[in-house]
Engineer: 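This structure is in structure tokens; I'll ask about it shortly.
Only heavy atoms go into these numbers, but all of them, side chains included; no hydrogens, no water, no symmetry mates. What you are looking at is a predicted structure, and each value in this text was computed from that prediction instead of being measured.
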Amino acid sequence: MQWKFKFQKNMVTDNLSIKWTDINYNRIALTNYILSTFDNPIYLEIGCFDNELFDSVPIANKIGVDPFRGGNIKKTSYYFFLDNKIIFDYAFIDGLHTFEQVTKDVINTLNA
């Protein structure tokens, strides 16, 4: 797993001191919290569907990939990654919901 070393500088080694059971924390809150730790982040979302998360991310540099609904790029992640040269600060992968496709999307995101 060569990418592990490539991205080691970005690894979080300390625990988040959040009591998840005591608060109503969801993917929107978590995504916006993580993005707030970057200066001018570049965000990728795969599988936007109804844009619930995508529209809730208040940043300028965001790409949403969905072949049918939502996002701002209407193609499959396979075709998106064929031409992509962007390195993303944060990616939310919620595509086909299969192990094989999520694995491909993670690898393609890390190899950008």
Engineer: Is there a donor-acceptor pair closer than 3.5 Å between any side-chain N or O of Asn84 and the backbone N or O of Phe80?
Structural biologist: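 Answer holds: no.
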Engineer: Indicate if Val102 and Phe49 have the same hydrophobic cluster label, given that clusters are the connected sets of ILVMFWY residues with side-chain heavy-atom separations under 4.5 angstrom.
Structural biologist: no
Engineer: Assess the residue pair Phe81 and Asn111 against the criterion (side-chain contact (heavy atoms from CB on, under 4.5 Å)); give the C-alpha distance rounded to whole Å, side-chain angles, the decisive distance to 0.1 Å, and a yes or no.
Structural biologist: CA-CA 10 Å; Phe81 283 117; Asn111 286 332; over 6 Å; no
Engineer: Is there a side-chain contact (heavy atoms from CB on, under 4.5 Å) between Ile42 and Tyr90 once you walk through the steps?
Structural biologist: CA-CA 7 Å; Ile42 303 173; Tyr90 179 79; over 6 Å; no
Engineer: Pairing donors with acceptors under 3.5 angstrom, does anything connect the side chains of Gln101 and Ser77?
Structural biologist: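 Side chains of Gln101 and Ser77: pair found under 3.5 Å.
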Engineer: At what distance, to the nearest 0.5 angstrom, does CZ of Arg69 lie from NZ of Lys74?
Structural biologist: 9.5 Å
Engineer: Rounded to the nearest 0.5 Å, what separation is found between the CG atom of Asp105 and the CD atom of Glu100?
Structural biologist: 12.0 Å
Engineer: If two hydrophobic side chains count as joined below 4.5 Å and joins carry through other members, does Leu30 share a cluster with Leu35?
Structural biologist: yes
Engineer: Give the cluster check for Tyr79 versus Val106: same hydrophobic cluster or not, with ILVMFWY residues linked at side-chain heavy-atom distances below 4.5 Å.
Structural biologist: no
Engineer: Just how far is it from atom CZ of Arg27 to atom CG of Asn32, taken to the nearest 0.5 Å?
Structural biologist: 11.5 Å
Engineer: Salt bridge (charged side-chain N to carboxylate O under 4.0 Å, His left out), that's the test. Do Lys75 and Asp66 meet it? Break it down for me.
Structural biologist: CA-CA 6 Å; Lys75 54 174 78 171; Asp66 195 294; over 6 Å; no
Engineer: Just how far is it from atom CG of Leu53 to atom NZ of Lys62, taken to the nearest 0.5 Å?
Structural biologist: 8.5 Å
Engineer: Do the side chains of Leu44 and Leu96 join up, straight or via other hydrophobic residues, at under 4.5 Å, putting them in one cluster?
Structural biologist: no
Engineer: Measure the spacing between OH of Tyr43 and CZ of Phe54 and express it to the nearest 0.5 Å.
Structural biologist: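 It comes to 7.5 Å.
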Engineer: Tell me whether the count of non-hydrogen atoms from other residues, nucleotides or ligands lying under 6.0 Å of CZ in Phe38 goes above 12.
Structural biologist: yes
Engineer: State yes or no: do Tyr78 and Ile46 share one hydrophobic cluster built from I, L, V, M, F, W and Y residues joined by side-chain heavy-atom distances below 4.5 Å, directly or via other members?
Structural biologist: no
Engineer: Determine whether a donor-acceptor pair (N or O, by modelled atom type, separation under 3.5 Å) exists between the side chain of Asp94 and the backbone of Cys48.
Structural biologist: no
Engineer: Does Thr37 use its side chain to pair, donor to acceptor, with the backbone of Ile34 at less than 3.5 Å?
Structural biologist: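 Here the side-chain-to-backbone pair exists.
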Engineer: Is the closest side-chain heavy-atom distance between Glu52 and Ile28 below 4.5 Å?
Structural biologist: yes
Engineer: Atom CG in Asn40, atom CG in Asn61: separation rounded to 0.5 Å?
Structural biologist: 5.0 Å
